[in-house]
K.L.:
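First, the structure itself, so that you have it in front of you.
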Amino acid sequence: MQQKPFRLITISVSHYCEKARWALTKLKLPYVEEAHMPPFYRLATNRVGGKSTPVLITESGIFTDSTDILQYLDKIVPDNAKLYPTDTELRQKVEELEDLFDEQLGPATRRWGYFYTINDSQFLKKRWTQGVPFFEEALFPIVYPLMRPVVRKAFNINSESAAQAYEQINSVFQKVNELLADGRSYLVGENFSAADITFAALAAPVISPPEHPIKPRPLQELPDSFASKISAFRETPAGAYVLRLYRDRNS
Ligand SMILES: N[C@@H](CCC(=O)N[C@@H](CS)C(=O)NCC(=O)O)C(=O)O
């Protein structure tokens, strides 16, 4: 049994980190978030054998992938709080959707979101530095111009890839629209699950839910081309679903 709060290493704005953060919040498990800005997170993750964020440090092991984190947390909570159904068939559906969102939606929303924001240093400063140590924040003006081309390259950010990402997001949203078409309350079965957390957290960059813990900028402050597409995503059943899950996120 964990004695001290968990440690969650994050890049605060990362939507995969938000997935882990949401699970910890939902399960009411005490944790301390250690947020870092690119590239400083690497110092923290390397130290414990991870590369990307989130990393969860527990007294029984270190988890370096958001899905591994959710699966671990699920094991230690009581039966009435599970994020993965006990029924094998339903569990398989949750895992399939989680994989689809992790592998297709997450990279696409990140690419599309960065395409519109990577040149906006004011926007990125707020999001990259939320909760980071003081010296990292102080170094933002030096680090940002150096990291901008690195991020562009690492995530392949250009107008062509952004257009492809937009298509991919639409196709995942279409699948979720179809799942929700029968009026169900959650993506799988009768209960909130890891599939719902993963969808909402990874879709957040294209929905900009007002209740997101990394405060999004109001739509009217975003460039028109970006804001109008976010509005259109919000109007889809899948987008409205993300907004609803975020409204209920802390309850
Ligand atoms: N499969 C990983 C993906 C996590 C991921 O892509 N994290 C990004 C932040 S959005 C990251 O840390 N990127 C920096 C890197 O890979 O060096 C997970 O689900 O945890």
Side-chain angles (χ1 to χ4, degrees), residues 6-26 31 33-58 61-74 83-84 94-118 123-124 126-132 136 140 143-144 146-157 161-162 165 168-169 172 193-208 212-214 216:
F6 295 112
R7 292 172 56 206
L8 183 69
I9 300 176
T10 65
I11 298 173
S12 42
V13 75
S14 155
H15 51 353
Y16 290 96
C17 295
E18 164 61 0
K19 175 182 161 188
R21 191 191 283 128
W22 191 333
L24 285 157
T25 309
K26 177 82 192 165
Y31 73 99
E33 181 166 345
E34 297 174 17
H36 295 280
M37 179 177 107
F40 301 106
Y41 71 89
R42 279 308 270 271
L43 299 173
T45 55
N46 280 352
R47 212 173 287 145
V48 292
K51 285 200 179 99
S52 59
T53 58
V55 172
L56 185 75
I57 302 173
T58 79
I62 292 171
F63 301 89
T64 58
D65 176 88
S66 63
T67 298
D68 294 345
I69 293 173
L70 265 59
Q71 300 229 3
Y72 165 73
L73 297 177
D74 198 58
L83 296 175
Y84 295 88
V94 167
E95 289 179 343
E96 276 169 16
L97 284 174
E98 186 177 16
D99 281 351
L100 171 81
F101 302 145
D102 278 343
E103 282 158 28
Q104 293 186 22
L105 184 67
T109 55
R110 176 170 57 200
R111 186 168 294 137
W112 192 75
Y114 265 133
F115 175 70
Y116 285 98
T117 55
I118 189 75
F123 178 88
L124 280 192
K126 274 216 181 114
R127 272 129 205 105
W128 278 17
T129 61
Q130 191 166 321
V132 306
E136 292 185 20
F140 181 86
V143 165
Y144 167 69
L146 300 172
M147 284 310 292
R148 187 168 57 173
V150 176
V151 171
R152 269 185 197 283
K153 187 152 182 251
F155 298 140
N156 181 29
I157 294 158
S161 68
Q168 257 177 317
I169 299 164
V172 175
S193 75
D196 299 301
I197 292 186
T198 308
F199 178 62
L202 298 187
V206 307
I207 299 293
S208 225
H212 198 289
I214 307 304

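Just so you know, ligand 1 is whichever comes first in the structure, and atom 1 is the first atom listed for that ligand. Just so it is clear, the values below take in all heavy atoms, side chains as well, and ignore hydrogens, waters and symmetry mates. Heads up: numbering here begins at 1 and tracks the sequence.
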K.L.:
Angle class for the Tyr144/Phe140 ring planes (parallel below 30°, perpendicular above 60°, tilted otherwise)?
P.N.:
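The arrangement is parallel - the two ring planes meet at less than 30°.
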
K.L.:
Looking at Gly106 and Tyr16, what are the two nearest heavy atoms and their distance?
P.N.:
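Nearest heavy atoms, Gly106 then Tyr16: CA-OH, 3.4 Å.
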
K.L.:
Can you name the side-chain hydrogen bond (donor to acceptor under 3.5 Å, both in side chains) partners of Glu96, sequence neighbours left out?
P.N.:
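Applying side-chain hydrogen bond (donor to acceptor under 3.5 Å, both in side chains) to Glu96 gives Gln92.
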
K.L.:
Just say parallel, tilted or perpendicular for the rings of Phe63 and Tyr72, cut-offs at 30° and 60°.
P.N.:
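Parallel.
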
K.L.:
Dump the intermediate steps for side chain to side chain contact (heavy atoms under 4.5 Å, CB included) on Val150 and Met147, then the final yes or no.
P.N.:
CA-CA 5 Å; Val150 176; Met147 284 310 292; 4.0 Å; yes

K.L.:
Using a 4.0 angstrom limit on heavy atoms, which residues are close to ligand 1?
P.N.:
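Answer by chain and number: Ile11, Ser14, Tyr16, Tyr41, Arg42, Ser52, Thr53, Pro54, Asp65, Ser66, Arg110.
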
K.L.:
Could you go through the side chain to side chain contact (heavy atoms under 4.5 Å, CB included) check for Lys19 and Asp102 one step at a time?
P.N.:
CA-CA 10 Å; Lys19 175 182 161 188; Asp102 278 343; 3.1 Å; yes

